[in-house]
Number of protein chains: 2
Amino acid sequence: MMMQNKYIQIYKQIAEEISEGHYKPKEKLASEHELMNAYKTSRETIRKALNLLAQNGYIQKIQGKGSIVLDRQKFDFPVSGLVSFKELAGSLGDKHQTHVEELAVIDADDYLMYQLQTPPETKIWKALRVREIDGERIILDKDYFLQSNVPELTKEICEVSIYDYLENDLGLTISFAKKEITVEEPSSEDRRLLHLEGFSNIVVVKNYVYLEDATLLQYTESRHRPDKFKFVDFARRSHK
Amino acid sequence: MMMQNKYIQIYKQIAEEISEGHYKPKEKLASEHELMNAYKTSRETIRKALNLLAQNGYIQKIQGKGSIVLDRQKFDFPVSGLVSFKELAGSLGDKHQTHVEELAVIDADDYLMYQLQTPPETKIWKALRVREIDGERIILDKDYFLQSNVPELTKEICEVSIYDYLENDLGLTISFAKKEITVEEPSSEDRRLLHLEGFSNIVVVKNYVYLEDATLLQYTESRHRPDKFKFVDFARRSHK
DNA sequence: TTGAACGTCATGTATATACAAGTTACAATA
DNA sequence: TATTGTAACTTGTATATACATGACGTTCAA
């Protein structure tokens with residue numbers, strides 16, 4: 001009967017209202033007691049929703065006073081967290097395009113065995129994609145999946161969104177990810193596939209994506225031209 | 001009577017046990033029911049502690065099975081979240097040093113008025129520090145505080161840790177922060193103060209630090225030599 | 001032998017109550 | 001006037017109970 005969890009519904013609803021500007025920044029949200037009546041639920045359920053809002057930078061809770069709405073405009077989160085290129089490109093300018101340069105099942109070499117924590121000769125999907133924005137080839141994405149997790153993969157899927165395919169079609173649920181950002185010298189592959197004239201550095205984002213059972217699903221290297229790279233992170237201090 | 005919140009105590013205790021290797025990765029934690037008896041508390045309190053552990057990458061909860069311990073070794077979090085340089089340098093190599101190049105109260109110029117969201121002629125503490133690791137001048141930190149928040153600041157404080165001073169001495173509690181990472185061309189100031197021979201890029205981390213009442217405490221620009229820069233981020237997918 | 005059904009234990013969600021603690025406004029008091 | 005005290009709000013913590021849902025082993029029947 002329940003379409004979805006109550007506290008997530010409430011979270012999404014309030015988050016949308018904030019995003020659409022129904023509340024102004026620095027404005028106070030209704031109190032937990034009022035929200036409790038408004039949504040006909042218990043206080044703990046309201047509090048779970050409000051904690052999600054706080055965690056994701058929508059509001060700030062202040063004991064004794066209430067919840068105030070933060071200014072997410074001045075706070076824009078383009079590449080924070082686990083977003084995929086499609087979400088990113090959609091939120092930024094349009095005129096983006098994805099070129100699938102390579103798509104094949106390969107045997108894991110030493111580097112991949114280390115990154116994916118697999119035994120030798122494991123079959124691995126390799127997808128090599130170039131992201132083009134406004135006519136410039138900006139990003140090189142190198143994706144690796146265990147074939148045991150992802151049996152089939154096509155050029156068409158790679159051109160749209162691999163994440164959509166994994167989550168909606170294969171029913172895999174992504175739980176958490178670790179990102180590592182460094183700056184390196186461009187490889188010859190980078191120079192061949194991207195427009196790097198005059199740039200002597202490249203930003204490398206290594207992304208380890210895990211499923212709900214804590215097994216590694218995917219290793220991705222996302223190689224960005226430095227002038228077009230921007231990473232935004234919002235973090236709360238967890239405890240005192 | 002209560003030294004600290006129960007669920008934070010339990011969180012810290014289990015977190016320490018995991019860090020010290022009392023549990024091995026992939027090992028199962030005791031069930032919520034068992035922990036409930038062990039700590040003589042309610043299940044909800046245990047769950048709050050476990051959720052903190054999950055959020056910070058210590059464990060993964062799996063419905064129906066239990067909580068399994070993640071491998072934080074393979075997962076090292078050097079610069080994730082809100083850590084200060086002191087913590088960073090301590091966890092990495094030693095032989096680090098801080099040079100205070102400049103420390104003064106100034107009037108906000110246009111750039112600072114924008115970054116700190118203040119009216120004109122606001123008095124602002126400016127601290128300019130160079131971080132040296134293993135004899136190389138690697139990082140240039142430019143810190144700005146409103147004098148209304150931080151009345152006094154000394155060279156000695158800047159050499160140790162401004163964060164310690166703010167939190168322990170002034171009683172200011174940092175609540176959340178927004179980071180922005182970009183790559184730029186070095187300024188003449190960067191070239192003068194850092195060892196940048198041969199490097200044509202610099203990694204700029206803009207850090208906006210907020211207090212519990214959601215007011216901006218500090219704006220920091222941390223400018224890193226690209227070869228020594230590394231940023232690690234751990235993120236959970238918040239909802240479905 | 002296979003497979004469906006069931007019981008048990010795990011975590012997830014929702015509710016209720018009680019009290020602690022921070023904020024604010026206002027009235028009482030010195 | 002200035003301070004204190006109190007009442008009425010707010011959010012924070014802790015506890016208890018109930019049921020839903022997922023994982024898994026055992027039992028029992030085909």
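Letters A, B, ... mirror the listed sequences (proteins, then strands); counts begin at 1. Note: hydrogens, waters and symmetry copies are ignored here, and every other heavy atom, side chains too, is used.
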Short side-chain N/O contact from A:Y7 to OP1 or OP2 of C:dA14, under 4.0 Å: no
Partner residues of A:Y144 under the ring-ring contact (aromatic ring centres under 6.0 Å, His included) criterion, sequence neighbours left out: none
Non-neighbouring partners of A:T215 that pass side-chain hydrogen bond (donor to acceptor under 3.5 Å, both in side chains), sequence neighbours left out: A:D213
Axial bend angle, the helix from C:dT1-D:dA30 to C:dA30-D:dT1: five-pair end segments, nearest 10°: 10°
Any residue meeting salt bridge (charged side-chain N to carboxylate O under 4.0 Å, His left out) with B:E221, in chain and number order, not counting sequence neighbours: B:R223
B:K155: salt bridge (charged side-chain N to carboxylate O under 4.0 Å, His left out) partners, not counting sequence neighbours: B:E159
Interatomic distance where CG belongs to B:L53 and C1' belongs to C:dT11 [whole Å]: 15 Å
Salt bridge (charged side-chain N to carboxylate O under 4.0 Å, His left out) partners for A:K26, two or more places apart: none
Distance in angstrom units between A:E32 CD and D:dT13 P, rounded: 11 Å
ring-ring contact (aromatic ring centres under 6.0 Å, His included) against B:Y219, all qualifying residues, sequence neighbours excluded: B:Y208
With a cut-off of 3.5 Å and sequence neighbours excluded, list every side-chain donor-acceptor pair involving residues 118-125 of chain B.
unit_1: B:T122; atom_1: OG1; unit_2: B:P119; atom_2: O; d: 2.5
unit_1: B:K123; atom_1: NZ; unit_2: B:D107; atom_2: OD1; d: 3.1
unit_1: B:W125; atom_1: NE1; unit_2: B:V150; atom_2: O; d: 2.9
unit_1: B:W125; atom_1: NE1; unit_2: B:P151; atom_2: O; d: 3.4

Look for any protein N or O under 3.5 Å of an N or O in nucleotides 15-19 of chain C and output each such pair with its distance, or none.
unit_1: C:dT15; atom_1: OP1; unit_2: A:K6; atom_2: NZ; d: 2.7
unit_1: C:dT15; atom_1: OP2; unit_2: A:T41; atom_2: OG1; d: 2.3
unit_1: C:dT15; atom_1: OP2; unit_2: A:S42; atom_2: N; d: 3.3
unit_1: C:dT15; atom_1: OP2; unit_2: A:T45; atom_2: OG1; d: 3.2

Spacing of A:I46 atom CD1 relative to C:dT13 atom P, expressed in whole Å: 15 Å
Nucleotide C:dT8, atom C1' - distance to NE2 of B:H33 in whole Å: 12 Å
Under-4.0 Å salt bridge between A:K178 and B:D233: no
All N/O contacts under 3.5 Å from nucleotides 22-26 of chain C to the protein, with atom names and distances to one decimal?
unit_1: C:dG22; atom_1: O4'; unit_2: A:Q63; atom_2: OE1; d: 3.3
unit_1: C:dG22; atom_1: N2; unit_2: A:G64; atom_2: O; d: 3.2
unit_1: C:dT24; atom_1: OP1; unit_2: A:K65; atom_2: NZ; d: 3.4

Pairwise side-chain contact, A:F231 with A:V203, heavy-atom cut-off 4.5 Å (strictly under): no
Quiz: residues 58-66 of chain B side-chain donor-acceptor pairs under 3.5 angstrom, not counting sequence neighbours:
unit_1: B:Q60; atom_1: OE1; unit_2: B:R236; atom_2: NH1; d: 2.8
unit_1: B:Q60; atom_1: OE1; unit_2: B:R236; atom_2: NH2; d: 2.9
unit_1: B:Q60; atom_1: NE2; unit_2: A:S175; atom_2: OG; d: 2.9
unit_1: B:Q60; atom_1: NE2; unit_2: A:E212; atom_2: O; d: 2.8
unit_1: B:K61; atom_1: NZ; unit_2: B:E32; atom_2: OE2; d: 3.1

Atom pair distance, as rounded to whole Å: CD1 in B:I59 and C1' in C:dT11: 11 Å
OP1 or OP2 of C:dG12 under 4.0 Å from side-chain N/O of B:R47: yes
Euclidean distance, atom CD1 of residue B:I68 to atom P of C:dT11 [Å, nearest integer]: 12 Å
Integer-rounded Å distance: C:dC9 P and B:L35 CG: 17 Å
For atom CD of A:E212 and atom C1' of D:dA23, their distance in whole Å: 14 Å
Those residues that, when tested against B:E44, pass salt bridge (charged side-chain N to carboxylate O under 4.0 Å, His left out) (two or more places apart): none
